[in-house]
Amino acid sequence: MPEALKTDNFETYLIDQGLITQALYDKLKAQSVQTKDSVLNIITSQRIIPGETLAKAKAAFLNIPFISFMDKKVDLKVLNLIPQETYSFYKFFAFEHQGQNLKIAITDPTNISALEALEFLSKKLSYSIQLFVTDDDSYNKVMRQGKNVEKVVDAALANIEATEKIQKKAEKVEKPELQELIQDAPISKIVDVILTNAIDGNASDIHIEPNDKNLRIRYRQDGILHVALELPKTVQTAVVSKIKILSNLKIDESRLPQDGRFHYETESKSVDLRVSILPNVNGEKVVMRILDKSTKAPTLEQLGFRGKGLEWILENMKETHGIFLITGPTGSGKSTTLYSLLTMINTNLVNIITLEDPVEYFIPGVNQTQINPEIGLTFSTGLRSILRQDPNIIMVGEIRDKETAELAVQAALTGHLVFSTLHTNDAIGSLPRLIDMGMEPFLLAASMNVVEAQRLCRKICPDCKHEVPVIQQVKDDFTAALKGVNEKELDGLDLKNMKIYEGSGCEKCGNTGYKGRIAIIEVLQITDNVQNLILEKSSPQDIAAEAAKMGMITLQQDGIIKVLKGVTTYSEVVRVTSE
């Protein structure tokens, strides 16, 4: 068994290996004094060093082999040699068994309690244990593999009488009694597995859909829905009732839509889930949006901003008044971009107030307000109120009507910087859309600073990425689309020697060929010339021609550039731009 990890020595080792700088270490040391936490814990919790890299460093420092399971599977028979509860408590697991030799992977090789537990198992089961270091992502992947959903479902079916009792009493029993019944039933385990697998699999949404004969569970991962499992119809009412209890909703109401929210924690994450329940002909459909509060707002570069569009965005972030508009359909990442922008300008020197439906992420120091139309708190009424709160910066979740649009314009004209979103297909389309709402062109021209439109494309999985041939038709389409684009925007791409890539599909990406998402973006800077075109009520085509002269890159052009840079595929760009 390894010796205890001497924290100071290991921190010095990290500096010597170039994993952290001396300056960063000094900063973390000062932070550790304030928080009374160790430097190593801060590095781990804030992911200053990637998990796998830190695990490799621990392994090298302690002279223990490192092993990753991101592209490996563990035999369930070997995994089940030790109880699941033991794995969860000590964060280790068995992965290979030959004779009396047992190989164990552990996330923290200096956990004295875990080492003592392994020594006890070694003596009790007469195993010779060989220790390996692994990272948290590998551990979580193997644990997901070990959680056999079928076993949980079988347990629920074996106890079907209790489930049926819940279904029969759902409309008769008082809530505390029903809550106790569901809490004790195997249904709780089924719901836990549904939630845990979705959260650990980085899904953004969970769909629980009743059909004629079963209950289908789907996860939205990287913007695409995948079937995760199908449950018997008999557990439908109990599963929905359990989620209603978690969300503090009415259990005996199955005819009207309901919305709620609850907090949930897995071994690796702490998230909020926004719940929407909608009755349909086969029962109640549940959709849960997963909101990971631990995730920091990404930078603009990480989101996909680049070139002149990024320059225009950064210029307009320095403005003290005017409207910054983000457009795109539902699910195009508008909210994430808004949160990133607000995070950039959030300081003690400004008063930021938001109106959201709903509040998805909480930003320290920002005054966030949830609208509630049922009691009369809409975007328009809320905007009237927050203007009396002495704000410097206002974020309105969405401009849905003329009244909200007029108030946003008035706020911008009276010295406030206003951020908001609008549902349009492109940046230029937002202008006639606002005019159709009843806005006067002269007010738009005076108040608008910049309009940005975006879509989300799936990124090619880096682990199975490979070059594919470019057919002549695609070459011709790319050449035509990028005609007139400034060379700086092409970022060194050789259009005469085009290369494109795809993912063949591997275990790390779930055999999809894609992993993660990135935005394709277009930014319209409202210059004096564009203002004149708005005042003249010019057509979108005329504004597009002026924008092209300014060097604006369209959604399609940005998508093609990202295809040629090997970030995404042409089929993805076509999919999101043709919606």
Side-chain angles (χ1 to χ4, degrees), residues 76 84-85 87-88 140-160 162-164 166-167 170 178-179 181-211 213-249 251 254 258-280 282-293 510:
L76 286 177
Q84 183 85 32
E85 293 76 13
Y87 290 153
S88 299
N140 291 329
K141 176 181 177 291
V142 173
M143 290 301 99
R144 288 197 300 272
Q145 177 193 339
K147 287 179 181 174
N148 194 328
V149 178
E150 300 300 328
K151 286 182 181 178
V152 179
V153 174
D154 289 344
L157 295 175
N159 201 350
I160 197 67
T163 303
E164 288 175 349
I166 292 167
Q167 293 173 344
L178 181 59
Q179 183 167 347
L181 279 170
I182 295 174
Q183 191 66 36
D184 293 339
I187 295 301
S188 294
K189 293 183 180 177
I190 292 179
V191 173
D192 283 342
V193 169
I194 291 170
L195 297 175
T196 301
N197 286 357
I199 293 165
D200 290 344
N202 294 318
S204 61
D205 300 87
I206 304 169
H207 290 238
I208 300 176
E209 302 166 317
N211 297 320
K213 298 178 181 178
N214 59 29
L215 188 67
R216 182 174 66 172
I217 313 297
R218 293 195 291 172
Y219 298 153
R220 187 177 295 280
Q221 293 168 306
D222 292 334
I224 305 296
L225 281 169
H226 303 280
V227 176
L229 68 148
E230 292 182 347
L231 301 175
K233 185 78 172 174
T234 48
V235 302
Q236 175 179 314
T237 303
V239 167
V240 175
S241 296
K242 173 66 179 176
I243 291 168
K244 284 181 177 179
I245 286 172
L246 291 170
S247 311
N248 199 28
L249 299 177
I251 303 171
S254 59
Q258 295 191 70
D259 295 315
R261 189 175 183 135
F262 67 93
H263 182 75
Y264 190 81
E265 292 187 10
T266 68
E267 291 169 355
S268 59
K269 289 183 180 178
S270 174
V271 304
D272 283 344
L273 289 106
R274 191 180 81 210
V275 180
S276 172
I277 298 179
L278 181 71
N280 67 26
N282 293 313
E284 292 177 282
K285 173 178 166 64
V286 180
V287 175
M288 292 180 278
R289 168 64 58 88
I290 299 171
L291 308 171
D292 187 355
K293 296 193 297 181

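Nothing here was measured: the structure is a model prediction, and the numbers come from that model. Start at 1 with the first residue, then count along the sequence.
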Exercise. Does His207 use its side chain to pair, donor to acceptor, with the backbone of Ile217 at less than 3.5 Å?
Worked result: no
As an exercise, state the distance from [atom1] of [X] to [atom2] of [Y], rounded to the nearest 0.5 Å.
| X | Y | atom1 | atom2 | result |
| --- | --- | --- | --- | --- |
| Gln258 | Leu278 | CD | CG | 11.0 Å |
| Glu265 | Asp272 | CD | CG | 10.0 Å |
| Asp200 | Leu195 | CG | CG | 10.5 Å |
| Leu273 | Asp205 | CG | CG | 10.0 Å |
| Leu249 | Asp259 | CG | CG | 8.0 Å |
| Asp192 | Asn197 | CG | CG | 10.5 Å |

Minimum heavy-atom separation for [X] to [Y], with atom names?
| X | Y | answer |
| --- | --- | --- |
| Asp292 | Ser270 | OD1-O, 3.7 Å |
| Ala203 | Ile290 | O-CD1, 3.4 Å |
| Val271 | His263 | O-ND1, 3.1 Å |
| Gln236 | Gly283 | NE2-CA, 3.5 Å |

Do the side chains of [Y] and [X] get nearer than 4.5 Å, heavy atoms only?
| X | Y | answer |
| --- | --- | --- |
| Arg261 | Leu291 | yes |
| Pro210 | Leu215 | yes |
| Lys242 | Val235 | no |
| Thr266 | Asn140 | no |

Problem set entry | Qualifying side-chain hydrogen bond (donor to acceptor under 3.5 Å, both in side chains) pairs, either residue in residues 217-227, two or more places apart | Glu209-Arg218
Seminar exercise, completed: Contacts of Asn282 meeting side-chain hydrogen bond (donor to acceptor under 3.5 Å, both in side chains) (sequence neighbours excluded), chain-then-number -> none
Exercise. With sequence neighbours excluded, what pairs up with Asn211 under the side-chain contact (heavy atoms from CB on, under 4.5 Å) test?
Worked result: Asn214, Arg216
For this session: Please name all residues satisfying side-chain contact (heavy atoms from CB on, under 4.5 Å) with Val240, sequence neighbours left out, ordered by chain then number.
Result: Lys244, Glu284, Val286
